[in-house]
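Working notes, structure below.
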Amino acid sequence: VALLHSTDMHGDFLVDKVDEKLTGGVSMLSGYLTKCRNEDPNVIYAIAGDMFRGSVIDSEFLGLSTIQIVNLLAPDVVTLGNHETDYGVAHLLFLERMASFPIINANLYIKENDTRLFNPCYIMDIDGMKILFIGIITEEVINQTKGESVIGSVIGIEEAAKEVERLCTSYNGLDIDLAVLLTHI
């Protein structure tokens, strides 16, 4: 299994020219992902947060353009970063509905009824190998969501570690071969 990941796209998908060399850009990333996927069927592509906020286009369309572009990259699994909540948690839930990929998070929930906002994890079966991905937000994301009084989270590293342990234990009957903690740090 080959695990590829990206982070901090910030809705900026254009190629830059640095010292006469092209760098970045969704076209180059897409080409690299296609090359890797063609060479090895057991490639996993994960995004560790911050798909949104940073480009004029992303800001103008409130992440809609970004979700459409990321859909074309076909990530296997995505978790939240500190900028996923910039347009509000309600809008993030709308964007999740537009995504053709799973967005996971184990420690963001609605306070009143302890309802999770996202699936806490995602299991992939690759050639008989079961891989458990768990998405966890960081303190920075927690601080940004404090303005939204209905949103709560498992705060602190010890609580987050307990949540990860609980998830791993609850999926133990599935004979998980590998657990991956996907977080934006």
Side-chain angles (χ1 to χ4, degrees), residues 1-10 42-53 63 66-67 70-71 73-185:
V1 172
L3 177 58
L4 306 176
H5 90 282
S6 61
T7 187
D8 293 295
M9 293 177 173
H10 292 289
N42 295 335
V43 169
I44 299 169
Y45 173 48
I47 298 177
D50 277 7
M51 291 183 293
F52 307 118
R53 198 57 170 242
T66 298
I67 282 291
V70 174
N71 278 341
L73 293 173
D76 294 292
V77 62
V78 172
T79 196
L80 306 176
N82 55 298
H83 288 288
E84 265 64 46
T85 58
D86 283 359
Y87 303 125
V89 173
H91 189 71
L92 175 59
L93 294 173
F94 167 72
L95 292 173
E96 180 203 21
R97 297 283 182 161
M98 295 187 63
S100 61
F101 48 84
I103 299 175
I104 60 172
N105 173 265
N107 60 334
L108 199 61
Y109 64 91
I110 299 173
K111 287 180 185 177
E112 277 75 30
N113 57 8
D114 287 334
T115 301
R116 289 183 187 281
L117 293 173
F118 299 91
N119 287 327
C121 55
Y122 181 71
I123 298 173
M124 291 185 69
D125 189 325
I126 302 227
D127 233 1
M129 181 179 190
K130 287 194 174 85
I131 303 170
L132 171 67
F133 287 86
I134 303 169
I136 297 287
I137 59 171
T138 61
E139 293 291 330
E140 194 170 346
V141 177
I142 292 166
N143 290 334
Q144 287 184 356
T145 60
K146 284 184 180 169
E148 300 197 38
S149 60
V150 298
I151 305 301
S153 67
V154 177
I155 297 175
I157 296 192
E158 291 171 2
E159 289 86 359
K162 287 178 187 174
E163 182 67 3
V164 169
E165 180 182 16
R166 187 192 68 73
L167 284 167
C168 287
T169 302
S170 67
Y171 288 98
N172 196 26
L174 296 176
D175 293 323
I176 298 298
D177 297 297
L178 177 66
V180 177
L181 182 59
L182 191 59
T183 187
H184 182 77
I185 299 176

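Since the structure is predicted, the reported quantities are computational estimates derived from the model, not experimental observations. Computed over heavy atoms, backbone and side chain alike; hydrogens, waters and symmetry mates excluded.
With values rounded to the nearest 0.5 angstrom, Leu92 atom CG is found 8.5 Å from Leu117 atom CG. In this structure, the separation between CD1 on Ile176 and CD1 on Ile131 is 9.0 Å, given to the nearest 0.5 Å. A distance of 8.0 Å separates CD of Glu84 from CG of Asn82, quoted to the nearest 0.5 Å. Note that the CD1 atom of Ile44 and the CG atom of Leu178 stand 8.0 Å from one another [nearest 0.5 Å]. Note that the CD1 atom of Ile47 and the CG atom of Asp76 stand 10.0 Å from one another [nearest 0.5 Å]. Once rounded to the nearest 0.5 Å, the distance linking CD of Glu96 with CD1 of Ile103 reads 5.0 Å.
With Asn119 contributing its side chain and Cys121 its backbone, the two residues share no donor-acceptor pair below 3.5 Å. No donor-acceptor distance shorter than 3.5 angstrom exists from the side chain of Thr79 to the backbone of Gly49, with no hydrogens or angles considered.
Sorted by first and then second residue, the pairs that involve residues 115-138 and meet salt bridge (charged side-chain N to carboxylate O under 4.0 Å, His left out), not counting sequence neighbours, are Arg116-Glu163.
Within the 4.5 Å cutoff, the side chain of Tyr122 has no heavy atoms near those of the Val78 side chain. For the pair Leu93/Leu95, no side-chain contact is recorded, criterion being any heavy-atom separation below 4.5 Å from C-beta on. For the pair Met9/Leu73, a side-chain contact is recorded, criterion being any heavy-atom separation below 4.5 Å from C-beta on.
If you run side-chain contact (heavy atoms from CB on, under 4.5 Å) between Phe133 and each of Ile104, Leu181, Ile123, only Ile104 comes through.
The two residues Asp177 and Gly128 come nearest to each other via the heavy atoms OD2-O, 3.8 Å. Among all heavy-atom pairs drawn from Ala106 and Ile134, the shortest one is CB-CG2, 3.9 Å.
The side chain to side chain donor-acceptor pair (under 3.5 Å) check on Asn71 picks up Ser100, with sequence neighbours excluded. Contacts of Thr66 classified as side-chain contact (heavy atoms from CB on, under 4.5 Å), with partners at least two apart in sequence or in another chain: Phe13, Met51, Phe52, Asp58, Val70. By the side-chain contact (heavy atoms from CB on, under 4.5 Å) test, Leu4 pairs with Tyr32, Leu33, Cys36, Val43, Tyr45, sequence neighbours left out. For Asp8, the side-chain contact (heavy atoms from CB on, under 4.5 Å) test picks out His10, Asp50, His184, with sequence neighbours left out.
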>> Would Phe118 and Leu80 count as a side chain to side chain contact (heavy atoms under 4.5 Å, CB included) here? Give the steps.
In response: CA-CA 10 Å; Phe118 299 91; Leu80 306 176; 3.8 Å; yes
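Taking the six-membered ring where the residue is Trp, His91 and Phe94 present tilted rings, their angle falling between 30° and 60°.
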